[in-house]
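Here is the structure we will look at.
Counting convention: from 1, in listed order, for ligands and their atoms alike.
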Amino acid sequence: MKSKSENVKDHAMKKAVWDIIKKWDTIIVHRHVRPDPDAIGSQCGLKELIKTNFPEKTVFAAGTSVDDLNYLDTMDYVEQDVYDDALVIVTDTANIKRIDGDHYKLAKQWIKIDHHPLDDPYGEVEWVNTDASSCSEMIADLWLTFPDEIKMTSKAARLLYGGIVGDTNRFLYDSTSPYTMKVASELMTFDFSHTELNNRMNAIQPHTSKLMGYALENFTLTDDGVGHIILTQDILKSLGNEDGDTHPIVPFLGKIAGVKVWAVFVEQPEGGYRARLRSKGPVINTIAVNHRGGGHPLASGAHAKDRDEIEAIIKELKESV
Ligand code: AMP
């Protein structure tokens with residue numbers, strides 16, 4: 001819960017963000033690499049709100065296209081020289097190095113909008129709300145704070161609802177607050193099918209169901225509740241998967257009774273492992289920071305250069321419980 005002064009500061013940040021948006025004719029919205037529904041939802045939801053409320057402005061969503069999130073929205077191609085006279089807004093991205101697309105550096109002004117702990121400050125204006133379940137909740141909160149100024153649309157409502165569902169795992173995680181539910185209920189009053197969206201978000205591709213079977217069979221769980229699985233490139237390829245297919249596996253492993261903290265290590269084509277860390281209580285983002293990563297207290301990402309570093313991360317996870 002925020003204190004009164006934090007609420008005043010949060011309101012001032014929202015006003016500052018909307019006032020800056022009003023000033024620029026060209027706005028490019030970025031988000032993090034390897035986007036998830038909240039990254040796309042907050043990025044494209046904000047783009048849609050700006051376009052709707054200021055039809056005369058030119059607004060882009062920049063970044064690598066991700067085929068399996070196209071059901072939410074697609075990216076725009078942005079010529080490099082457009083950045084010379086543009087405002088860049090980066091959503092859902094804690095660290096500069098995780099911003100997708102290099103050209104953001106060329107813009108005259110940047111704004112950061114994020115719900116991760118503030119570990120890498122960037123942007124002249126930083127609106128960071130770690131109490132928000134998702135960055136999409138923050139964008140919807142902007143609308144609910146200035147309802148007379150900001151018109152919501154069905155398209156934006158669908159994007160933001162999808163982002164909230166994605167980052168809360170359908171309102172399961174403890175980041176889900178009464179305000180999250182209020183925002184979601186307001187968004188649901190718009191004309192989109194939340195059932196269709198939930199079904200799409202919940203769907204697992206047939207090749208990924210095979211990887212999930214492998215992960216469930218080979219998941220190692222200690223008596224203290226520390227689970228892990230290593231997905232090598234050989235395994236991924238033999239089952240027809242890539243790194244980007246592993247995301248539905250991560251929350252699924254947490255369903256196994258007795259799991260308190262768990263890690264999915266995914267070998268990268270260029271070597272080393274991406275570590276996806278999750279917890280049902282012990283804080284694990286401090287462990288992620290020790291291994292070139294970061295994230296939320298209960299959901300973080302890191303890197304392991306080899307099997308020894310994987311062992312080191314598992315040891316730290318055991319200490320955390
Ligand atoms: P993921 O396991 O990729 O779904 O990431 C879980 C959370 O950790 C997300 O909120 C990410 O933004 C954050 N995260 C993942 N990888 C990193 C990283 N290398 N550095 C900082 N934060 C990360």
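- Below 30°, between 30° and 60°, or above 60°: for His103 and Tyr83 the angle between ring planes is above 60°, a perpendicular geometry.
- Listed by first and then second residue, the side-chain hydrogen bond (donor to acceptor under 3.5 Å, both in side chains) pairs involving residues 230-240 amount to none (not counting sequence neighbours).
- Ligand 1 lies under 4.0 Å from heavy atoms of Asn95, Arg98, His116, Arg274, Arg276, Arg278, Arg292, Gly293, Gly294, Gly295, His296, Ala299, Ser300, Gly301, His303.
- Under the 6.0 Å distance and 45° angle rule, Lys57 counts as a cation-pi partner of Phe54.
- Among residue pairs with one or both ends in residues 274-303, those qualifying as side-chain hydrogen bond (donor to acceptor under 3.5 Å, both in side chains) are His116-His296, Asp243-Arg274, Thr246-Arg276, Asn290-Glu316, His291-Glu309, His291-Glu316, Arg292-Glu309; sequence neighbours excluded.
- Using a 4.0 Å cut-off between charged nitrogen and carboxylate oxygen, Lys47 and Asp76 count as a salt-bridge pair.
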Using atom types as modelled, flag every donor-acceptor pair under 3.5 Å from a side chain in residues 254-263 to any protein atom, sequence neighbours excluded.
residue, atom, partner, partner atom, Å
Trp262, NE1, Val250, O, 2.7

